[in-house]
A.B. asks: 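I am attaching a structure below and will ask some questions about it afterwards.
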Amino acid sequence: MAKLCLNNVTKIFDKNIYGAKDISFDVADKEFTVLVGPSGCGKTTTLRLIAGLEEVTSGEIYIEDRCVNDISPKDRDVAMVFQNYALYPHMTVYDNMAFGLRMRKYPKKEVEQRVMEAADILGITELLRRKPKQLSGGQRQRVAVGRAIVRQPKLFLFDEPLSNLDAKLRVQMRAELSRLHKRFEATIIYVTHDQIEAMTLGEKIVVLKDAEINQIADPITLYKRPKNTFVAGFIGSPPMNFMRGSIKKENMKVVFQNGDIVLPLPERCEKFVNQEVILGIRPTDFSIDRGSDIKILVDVIEPVGNELYVHGRCGELMVSARVPEESRPKVGAPCTLRVDTEKLYVFDADTEEALQ
């Protein structure tokens with residue numbers, strides 16, 4: 001496999017529209033790196049720049065120690081799996097998987113060996129004589145992955161390959177991709193807008209917004225130490241709750257105040273006294289308790305197994321919280337919530353950058 005390095009890579013389309021802006025990150029050999037962000041953030045453009053399907057405006061892309069800016073896609077030794085699978089409808093599964101090898105003039109015996117090995121690994125041997133229209137979405141996805149595997153490239157590039165699958169199949173295929181990564185010790189760059197996919201698959205995650213990188217970290221670091229409110233709100237489901245207000249000191253205690261909401265804060269927040277901030281509270285950091293800190297009027301209740309997610313209003317604020325099933329909240333009724341103040345996040349009100 002191979003390592004990848006992007007150094008200040010920028011792509012500008014017509015009318016000064018940025019597809020990627022000063023993108024810099026490294027992917028180590030055998031690493032699974034995920035590019036994640038909302039639609040239009042530049043993740044697919046970045047992937048296409050790596051593949052050579054888009055031309056770099058400025059910056060350098062290195063595969064191993066070779067700059068590939070001027071190298072054609074077919075000579076970069078990368079394999080890309082597209083969102084729509086891009087299978088040839090008139091070809092059988094076998095011919096789809098063998099096509100790239102045949103174009104590179106591989107011997108017939110080696111082509112057959114590679115295709116059969118990949119089909120066996122992916123559990124699609126019995127599908128080799130079928131055509132794409134005879135396959136389910138999950139089977140087509142496996143064929144697209146198989147077509148990449150037989151190439152044995154330096155880099156695997158995945159562009160939202162699971163987005164067209166149903167929820168249950170997406171979970172199964174995430175596990176399959178993770179297993180394949182470990183088996184082949186492959187170097188993978190994977191694009192998705194699904195933060196759950198990113199968190200479960202990625203060893204390293206690159207969070208993009210408006211064609212720029214917001215944060216690069218492992219999944220746990222992104223969740224526990226987000227760099228700003230965008231990352232904090234994007235990583236985690238349901239998303240983090242945010243409240244604007246100020247930190248004050250009252251009766252020798254540090255508190256956060258937003259209108260009628262007054263929350264006691266831990267001593268570590270004393271250095272932010274008299275400062276305007278954005279307070280972040282994850283839905284998992286609430287509990288039901290008498291004499292609680294926030295009261296909401298419940299709008300929606302989402303049952304999730306033995307837990308419930310309640311969504312409601314506290315004045316003009318929208319609040320989401322996870323509560324025990326036995327708490328039995330009711331739509332249209334008030335619900336009191338206690339905040340675990342040790343787990344609060346504090347962000348600067350102007351820059352929206354994390355303060356701790």
Side-chain angles (χ1 to χ4, degrees), residues 4-11 18-28 31-47 59 189-247 256 258 263 265-266 268-273 275-285 317-320 339-356:
L4 171 74
C5 176
L6 276 72
N7 183 23
N8 298 116
V9 171
T10 295
K11 173 64 179 179
Y18 280 88
K21 188 174 182 180
D22 291 327
I23 301 295
S24 297
F25 64 87
D26 296 331
V27 179
E31 187 174 60
F32 199 130
T33 295
V34 178
L35 309 184
V36 68
S39 297
C41 70
K43 52 190 185 294
T44 294
T45 297
T46 301
L47 202 70
I189 300 93
Y190 186 102
V191 159
T192 181
H193 65 273
D194 186 332
Q195 56 94 15
I196 294 177
E197 231 172 74
M199 296 287 281
T200 54
L201 285 173
E203 296 172 289
K204 179 165 65 184
I205 300 175
V206 180
V207 183
L208 292 159
K209 179 191 178 189
D210 298 332
E212 295 183 272
I213 292 175
N214 265 234
Q215 188 171 357
I216 303 174
D218 63 271
I220 300 302
T221 299
L222 279 182
Y223 186 81
K224 291 188 173 181
R225 295 194 296 277
K227 183 180 177 183
N228 53 40
T229 56
F230 172 75
V231 176
F234 192 81
I235 301 297
S237 181
M240 184 181 289
N241 300 284
F242 295 109
M243 300 180 186
R244 285 184 176 267
S246 58
I247 295 180
F256 168 85
N258 173 302
L263 296 176
L265 296 180
R268 60 184 170 86
C269 294
E270 187 171 0
K271 55 188 172 183
F272 306 125
V273 168
Q275 189 168 339
E276 295 294 314
V277 300
I278 300 171
L279 204 66
I281 311 170
R282 292 208 180 275
T284 51
D285 294 333
L317 292 172
M318 295 300 299
V319 177
S320 299
V339 180
D340 185 345
T341 56
E342 290 296 329
K343 295 182 179 179
L344 292 173
Y345 296 79
V346 184
F347 304 90
D348 184 272
D350 295 323
T351 66
E352 300 190 354
E353 296 288 314
L355 291 175
Q356 52 178 215

A.B. asks: So does Val36 get a backbone contact from the side chain of Glu197, meaning a donor-acceptor N/O pair under 3.5 Å?
C.D. replies: no
A.B. asks: Counting distance only, does the side-chain N/O of Gln195 pair as donor-acceptor with the main-chain N or O of Gly236 below 3.5 Å?
C.D. replies: yes
A.B. asks: Between Leu279 and Asn258, is the side-chain contact (heavy atoms from CB on, under 4.5 Å) condition met? List the steps.
C.D. replies: CA-CA 10 Å; Leu279 204 66; Asn258 173 302; over 6 Å; no
A.B. asks: Mind checking the CG-CD spacing from Asp218 to Glu203? Nearest 0.5 Å is all I need.
C.D. replies: 10.0 Å
A.B. asks: To check you understand the geometry: which heavy-atom pair defines the closest contact between Thr351 and Asp348, and what is its length?
C.D. replies: N-OD1, 2.8 Å
A.B. asks: Describe, in one word, how the ring planes of Phe242 and Phe347 are oriented to each other, choosing from parallel (under 30°), tilted (30 to 60°) and perpendicular (over 60°).
C.D. replies: perpendicular
A.B. asks: About how many Å separate CG of Leu4 and CD1 of Ile189, when rounded to the nearest 0.5 Å?
C.D. replies: 5.0 Å
A.B. asks: Side chains of Asn214 and Lys227: does their closest heavy-atom pair fall under 4.5 Å?
C.D. replies: no
A.B. asks: Rounded at 0.5 Å granularity, tell me how far CG in Leu265 sits from CG in Leu344.
C.D. replies: 6.0 Å
A.B. asks: What are the two closest heavy atoms between Ala20 and Thr46, and how far apart are they?
C.D. replies: CB-OG1, 4.1 Å
A.B. asks: Say whether, by atom type as modelled, one donor and one acceptor occur between the side chain of Glu212 and the main chain of Lys21 under 3.5 angstrom.
C.D. replies: no
A.B. asks: Answer yes or no: is there a donor N or O on one side and an acceptor on the other, between the side chain of Ser24 and the main chain of Asn8, under 3.5 Å?
C.D. replies: yes
A.B. asks: Could you report the tightest heavy-atom contact between Glu276 and Gly245, atom names first, then the distance?
C.D. replies: OE1-O, 3.3 Å
A.B. asks: Give the minimum heavy-atom separation between Cys269 and Val346, together with the two atoms involved.
C.D. replies: SG-CG2, 4.1 Å
A.B. asks: Sequence neighbours excluded, which residues qualify as side chain to side chain contact (heavy atoms under 4.5 Å, CB included) partners of Thr284?
C.D. replies: Tyr223, Arg282, Tyr309, Arg322
A.B. asks: For residues 32-43, pull every pair meeting side chain to side chain donor-acceptor pair (under 3.5 Å), keeping only residues two or more places apart or in separate chains.
C.D. replies: Glu31-Thr33
A.B. asks: Looking only at non-hydrogen atoms, find the nearest pair between Arg244 and Ala349 and report the distance.
C.D. replies: NH1-O, 3.0 Å
A.B. asks: Donor-acceptor pair, distance only, cut-off 3.5 Å: does the side chain of Asn241 make one with the backbone of Ser320?
C.D. replies: yes
A.B. asks: If we only count heavy atoms from C-beta on, is the Pro226 to Ile235 side-chain gap below 4.5 Å?
C.D. replies: no
A.B. asks: The criterion is side chain to side chain contact (heavy atoms under 4.5 Å, CB included); which residues satisfy it with Pro239, sequence neighbours excluded?
C.D. replies: none
A.B. asks: Output yes when a side-chain donor or acceptor of Thr10 lies under 3.5 Å from a complementary backbone atom of Asp22, and no otherwise.
C.D. replies: yes
A.B. asks: Side chains of Phe256 and Val339: does their closest heavy-atom pair fall under 4.5 Å?
C.D. replies: no
A.B. asks: Is there side-chain contact between Gln275 and Leu355, with heavy atoms separated by less than 4.5 Å?
C.D. replies: yes
